[in-house]
Protein chains: 2
Amino acid sequence: MAGFSRFLGVLRLFTPDTAAWTVPALAEATGVPASTVYRTVRDLVAGGFLEPAAEASYRLGPAFIEFDRSLRLTDPLVVAGRPVLHDVVMQAHVPCVAMLARFYNGSVMCVADEAAADTPFRSSYERGRPMPLVRGSTSKVILAHLPTRQFNKLIENAGLDNKAEALRTELADIRKRGFCSTASEIDPGLAGISAPVILKDAGLVASLSIVAHDAGIDEGQRRRLILLVVSAASLLAEDLRHRYEAAAKATQKVA
Amino acid sequence: MAGFSRFLGVLRLFTPDTAAWTVPALAEATGVPASTVYRTVRDLVAGGFLEPAAEASYRLGPAFIEFDRSLRLTDPLVVAGRPVLHDVVMQAHVPCVAMLARFYNGSVMCVADEAAADTPFRSSYERGRPMPLVRGSTSKVILAHLPTRQFNKLIENAGLDNKAEALRTELADIRKRGFCSTASEIDPGLAGISAPVILKDAGLVASLSIVAHDAGIDEGQRRRLILLVVSAASLLAEDLRHRYEAAAKATQKVA
DNA sequence: TCATGATTATTATTTTTTGAGAATATTGAC
DNA sequence: GTCAATATTCTCAAAAAATAATAATCATGA
């Protein structure tokens, strides 16, 4: 491990479960001499990616907060998606959480969420949290629209064995219907309804979802929510398409 | 520019104002050959810190969202501070925003904020945004409690010249009173009330603030809000002190 | 005060990274 | 579909920088 991967390797050790590390611990975990790790940590601290914490230990630094804001302000998916999420929770007329998730690094990650004012629960999908790829409507919709090659590689690694064929069938069905509806696959008692937000040109594979109490919605409401999610997702995709094309044109002008 | 500073230099070019860069543009801005920048960008993309955007440009990547969540879940100031902010807006009984800011990289940055449900305005202090060091109650409280050496260096660089003495007097007053109250220094028409959250041992210099419409609060309310902010800040400091000591003890045990 | 551990500085050595240009892949226009 | 333009990766010798072992220094708590 050298160069950038050293920095990455160190940073990746700082997880919510192990939030504080001493240098000797980092050295042991990475298999790199302490003197080198000291230098690495010094660089990361100078950049704001780490900061000293209690007793010779370090934790993630405030630079991430700053970059995250930058992303919130500029990431097209987040910028275009947040008002859509707002509209969705307003029009849902049931306590619910709306959210936007995308493919990232072999898993699915929520990038924006909004809860209706009176929602008494929270979904496990929370901005920034990597989630499993093959469970929950949010993830399944994304999986269903991944490029074939990428998809094949993923289910190989997932080691589904005999379940792979059933999954393929399910995903083909999701592609055909244009949405996915599940219950209790992630959070017990909660149902998810998701629709795809795809921009093939931009390599964007995302999904828009509503999460609500499964017991709290009857068949009519469910149909209404599906319609709401599907139309919101396609509106968002259309909006993103325009932004993408505008950005492409702007780049050409500069060049 | 080489090593880690190369990565940092590239990343730091991605701001809210210039959110997308092509490699040739990055090469010119950093003064580094394109072939090297391509390699740098490839590493950053692999790490999720950048991602391809429209045309041949790149923007900040989702890794920051993930690390930011990690920080939200583990940074003691954020973890301990959020419930305090919630209590503050609940007990303010006026439309307001409560927030927590800290010293970072030569400026002041908000790390958590919460608005009362019916608040019709927003403060410029927003999670992740670097703010000026010498304007606004939030910043002044932090400045007033910075270690002397650090403080001197900062006002030297700020180039305040003849205003420096007046500032010193004002900050001494803030230290004596234990809070700072200003109006329209950042956002016209908005008043700020801030109190320090200091942990000398941990090197923590932060402040807790309320922002409200200046015209909307009379003298009695102002006194009440000052009391609220000051007591919330000292409660938070006390909480953090306990966490810090507990963390220190835990580290010793491991060692 | 001292002792202990954390951190930084110092080195020769080794390994990478670097950068110029060539080669290849992508993309958009026609 | 072809072609041209541009983006991106590859190659490789030179050069610079990172590495790691050790020593020196700095904090910190008893």
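Reckoned from all heavy atoms, side chains included, excluding hydrogens, waters and symmetry mates. In what follows, chains carry the letters A, B, and so on, assigned in the order in which the sequence lines appear, proteins first and then strands, with residues in each chain numbered from 1.
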May I have the distance from [X] (atom [atom1]) to [N] (atom [atom2]), rounded to whole angstrom?
{"X": "A:F4", "N": "D:dT19", "atom1": "CZ", "atom2": "P", "value": "14 Å"}
{"X": "B:D201", "N": "D:dA27", "atom1": "CG", "atom2": "C1'", "value": "13 Å"}
{"X": "B:Y38", "N": "C:dT26", "atom1": "OH", "atom2": "C1'", "value": "11 Å"}
{"X": "B:W21", "N": "D:dT8", "atom1": "CH2", "atom2": "C1'", "value": "19 Å"}
{"X": "A:L44", "N": "C:dT7", "atom1": "CG", "atom2": "P", "value": "14 Å"}
{"X": "B:F7", "N": "C:dT18", "atom1": "CZ", "atom2": "P", "value": "7 Å"}

If you only use heavy atoms from C-beta on, which nucleotide in [options] is closest to the side chain of [X]?
{"X": "A:S35", "options": "C:dG19, D:dT22, D:dT8", "result": "D:dT22"}
{"X": "A:T36", "options": "D:dT19, C:dG19, C:dT7", "result": "D:dT19"}
{"X": "B:P33", "options": "D:dA20, D:dA17, C:dG19", "result": "C:dG19"}

With a 4.0 Å cut-off on N to O distance, would you call B:D113 and B:R129 a salt bridge? no

Salt bridge present between A:D239 and A:R243 (N-O < 4.0 angstrom):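 So A:D239 pairs with A:R243 through a salt bridge.
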
Determine the contact category for [X]: base if any of its heavy atoms lies under 4.0 Å from a base atom, sugar-phosphate if only primed atoms, P, OP1 or OP2 are that close, otherwise nothing.
{"X": "A:R6", "value": "sugar-phosphate"}
{"X": "B:R42", "value": "sugar-phosphate"}
{"X": "B:Y58", "value": "sugar-phosphate"}

Want to settle it: does A:G3 or A:V23 sit nearer the 5' end of DNA chain C, counting the closest nucleotide to each?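 In this pair, the answer is A:V23.
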
Do B:T40 and B:F7 make a side-chain contact, defined as non-hydrogen atoms from C-beta onward lying under 4.5 Å apart?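 Yes, close enough: below the 4.5 Å cut-off.
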
Using heavy atoms to find the nearest nucleotide of DNA chain D for A:R39 and B:P24 separately, return the residue whose nucleotide is more 5′. B:P24

State whether the number of non-hydrogen atoms from other residues, nucleotides or ligands found under 6.0 Å of A:E238 atom CD is greater than 12.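 More than 12 within 6.0 Å, yes.
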
Give the ring-plane orientation class for A:F67 versus B:F64, where under 30° counts as parallel, over 60° as perpendicular and anything between as tilted. parallel

